[in-house]
Amino acid sequence: MTEYVGNTFIPDFRMTIHDFFIQKAEHMLHNTTKSVAAIRDTLGYENPEAFIRAFKKELHTTPAKYQRLYRDTLS
């Protein structure tokens, strides 16, 4: 039973957490003037490359490029 629960729910939970952090990063990059590094730190990513890979996997661009797309709208 424990193995079934672990194999069934843990991967879904990890993906839910992952999705939450990427959505939060997207929101912060779009709506704040914080640096990518500050946002990464706020979200608890210790490894800059891991943050960039995770973001790029979901949104097909880097956090810095994404932020540049929207930076003009904040000025």
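Since this is a predicted model, take the numbers as computed values, not measurements.
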Open item on the list: Are the side chains of E58 and Q23 in contact, using a 4.5 Å heavy-atom criterion?
Closed with: no

TODO: Scan Q67, R40, M28 and name whichever one has a side-chain contact (heavy atoms from CB on, under 4.5 Å) with K34.
DONE: M28

- [ ] Could you go through the side chain to side chain contact (heavy atoms under 4.5 Å, CB included) check for F51 and V36 one step at a time?
- [x] CA-CA 10 Å; F51 174 64; V36 172; 3.8 Å; yes

TODO: Measure the spacing between OG1 of T61 and OH of Y66 and express it to the nearest 0.5 Å.
DONE: 9.5 Å

TODO: Can you sort out the partners of E46 under side chain to side chain contact (heavy atoms under 4.5 Å, CB included), two or more places apart, ordered by chain and number?
DONE: none

Open item on the list: Test of understanding: with side chain to side chain contact (heavy atoms under 4.5 Å, CB included), list the residues that count as partners of K56, not counting sequence neighbours.
Closed with: T62

Task: Spacing of CG belonging to L29 relative to NZ belonging to K24, to within rounding of 0.5 Å - done: 11.5 Å

Task: I52 side, atom CD1; K65 side, atom NZ - distance, nearest 0.5 Å - done: 11.0 Å

Open item on the list: Once ring pair (Phe, Tyr, Trp, His ring centres under 6.0 Å) is applied, do any residues pair with F21, and if so which ones, sequence neighbours excluded?
Closed with: none

Open item on the list: Is there a side chain to side chain contact (heavy atoms under 4.5 Å, CB included) between Y45 and I39? Walk through the geometry before answering.
Closed with: CA-CA 9 Å; Y45 280 89; I39 291 169; over 6 Å; no

